[in-house]
Amino acid sequence: MSAPVIELRDVHVRYKARNSTLFRPQYVNALDGVSLCVKRGQTLGIVGESGSGKSTAAKVLVGLERPTSGIVLFGGEPLISFTAGVRRRLGRIVSVVFQDPATALNARMSTRDALLDPMQVHHVGNSADREKRVRELVDMVGLPQSALGAFPGQLSGGQRQRVAIARALALDPQIIIADEPTSALDVSVRAQILNLLTDLKNQLGLGMVFISHDIQTVRYLCDEIAVMNAGRIVEYGSAASVFDSPSNEYTRTLLSAAPSLLAPRTFS
Ligand code: ADP
């Protein structure tokens, strides 16, 4: 198995609680000693209820949040500074697909401009190379070339998420972090977007981190699963081991809230 692209070792993130006052500060341990690895060609699911620390973990993985303590390694090198330059470098290695493409995309940018933008910011290629890459990207995410001239408001939710995925791929990253990428979409297009992400991961040998509160979705998509509760990883292993023999009480509770998953085991 390949070496991890990103590794978190005993990472803690402590926020000042939103209801804290100047004289009585209170803190939230959003991450409380999290260790995990993200590798190329592998999908890691991070699952847990709202408030369990999933998004904070995602922010640390993309270098947007600095740990209060612990180590973040990129390509085996510990990340020491969190300067704009370091974040730019990470931005080429790790891309994010957010929950709601309607807010993630700039309403005044056409698909072409949204896809050109990351390449221009990172000074990738000349204008002919970029134009060629834009056409490749829309093909890769299954959009017609005619979508290049469209603005987000002229596209459906599923098409917008395809544009957001194409944009995430523009710089040829090694890792994609997908934070609840289908929860703002119509149920009818969710499976298409999940299939697209899985196909892209396989074709491009990407590493993927798939964040979800829905343990059912995660099961079919992920090689490994980390179950989070109150800022800690309470269970971490292959998807099969987590689902077939969950060792943690909290994981069993999550699974029992999704009865269809238990059915095959009940009858086997
Ligand atoms: P999840 O993605 O699983 O819903 P989050 O990572 O968003 O969880 O949040 C974990 C905890 O940290 C929650 O208790 C949340 O209220 C708190 N939290 C997240 N971001 C901040 C912030 N910027 N300031 C204060 N508390 C925060």
Side-chain angles (χ1 to χ4, degrees), residues 6-38 43-72 79 82 84 87 90 94-104 161 164 168 175-185 190 193-194 197 207-219 221-222 224-237 239 242 246 248-258:
I6 319 176
E7 194 179 340
L8 306 188
R9 285 194 196 154
D10 196 25
V11 164
H12 292 248
V13 172
R14 198 160 85 128
Y15 292 118
K16 199 170 246 184
R18 291 185 173 117
N19 58 0
S20 139
T21 61
L22 183 62
F23 300 108
R24 295 186 59 190
Q26 290 179 1
Y27 295 94
V28 183
N29 289 319
L31 294 186
D32 193 8
V34 165
S35 300
L36 53 81
C37 287
V38 188
T43 303
L44 168 69
I46 302 183
V47 57
E49 289 168 295
S50 175
S52 56
K54 305 180 300 294
S55 297
T56 307
K59 285 186 203 148
V60 173
L61 289 170
V62 293
L64 285 175
E65 188 69 58
R66 189 187 190 127
T68 316
S69 68
I71 302 175
V72 184
L79 208 62
F82 282 76
R87 280 208 289 270
L90 297 184
V94 188
S95 277
V96 196
V97 175
F98 292 102
Q99 186 172 353
D100 187 357
T103 47
Q161 196 57 304
I175 305 280
I176 296 258
I177 315 266
D179 191 356
E180 304 264 10
T182 59
S183 53
L185 301 178
R190 285 184 188 174
I193 295 295
L194 294 177
L197 285 169
M208 186 131 60
V209 178
F210 190 89
I211 294 173
S212 181
H213 64 277
D214 174 10
I215 199 159
Q216 298 218 42
T217 309
V218 165
R219 177 184 209 184
L221 224 67
C222 299
E224 290 206 308
I225 291 177
V227 179
M228 290 196 68
N229 185 20
R232 290 168 186 260
I233 293 182
V234 294
E235 183 133 10
Y236 189 13
V242 169
N248 184 274
E249 189 56 40
Y250 179 72
T251 311
R252 283 197 285 270
T253 312
L254 279 186
L255 284 167
S256 63

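Order of listing sets the numbers, starting from 1, for every ligand and every atom in it.
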Is it true that [X] lies under 4.0 Å from ligand 1, counting heavy atoms only?
X	answer
Glu49	yes
Gly48	no
Lys59	no

Nearest candidate to atom 7 (O) of ligand 1, where distance is taken over non-hydrogen atoms, out of Ala230, Ala30, Ser55: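 Going through Ala230, Ala30, Ser55 one by one, Ser55 has the nearest heavy atom to atom 7 (O) of ligand 1.
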Nearest protein heavy atom with distance in Å, relative to [atom]:
atom	value
atom 14 (O) of ligand 1	Val28 CG1, 3.7 Å
atom 9 (O) of ligand 1	Thr56 OG1, 3.9 Å
atom 1 (P) of ligand 1	Gly51 N, 3.4 Å
atom 27 (C) of ligand 1	Tyr15 CD1, 3.3 Å
atom 15 (C) of ligand 1	Arg18 NH1, 4.2 Å

Atom pair [atom1] ([X]) and [atom2] ([Y]), whose distance is rounded to the nearest 0.5 Å:
X	Y	atom1	atom2	result
Leu221	Leu194	CG	CG	5.5 Å
Thr21	Gln26	OG1	CD	7.0 Å
Leu254	Glu249	CG	CD	11.0 Å
Leu197	Thr182	CG	OG1	9.0 Å
Leu90	Leu64	CG	CG	9.0 Å
Ile46	Leu61	CD1	CG	6.0 Å

Could you list which atoms of ligand 1 come closer than 4.0 Å to a heavy atom of Ser50? 4 (O)
Please could you name the atoms of ligand 1 that Lys54 approaches to less than 4.0 Å, counting only its heavy atoms?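 Counting from 1, the qualifying ligand atoms are 1 (P), 2 (O), 3 (O), 4 (O), 6 (O), 8 (O).
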Would Gly53 count as being in polar contact with ligand 1, using the rule that some N or O on each side must be under 3.5 angstrom apart?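 Looking only at distances, the answer is yes, because the N/O contact criterion of under 3.5 Å is met.
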N or O pair under 3.5 Å between Ser52 and ligand 1: yes
With a heavy-atom distance limit of 4.0 Å, tell me whether Lys16 approaches ligand 1 through its side chain, its backbone, both, or neither.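 Only the backbone of Lys16 comes within reach of ligand 1.
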Can you tell me if Arg232 has over 12 outside heavy atoms packed within less than 6.0 Å of its CZ? no
For the side-chain contact (heavy atoms from CB on, under 4.5 Å) test, which of Lys54, Met228, Gln99 pairs with Ile211? Lys54
Provide the closest heavy-atom pair for Val218 versus Gly45 in the form atom of the first, atom of the second, distance. CG1-CA, 4.1 Å
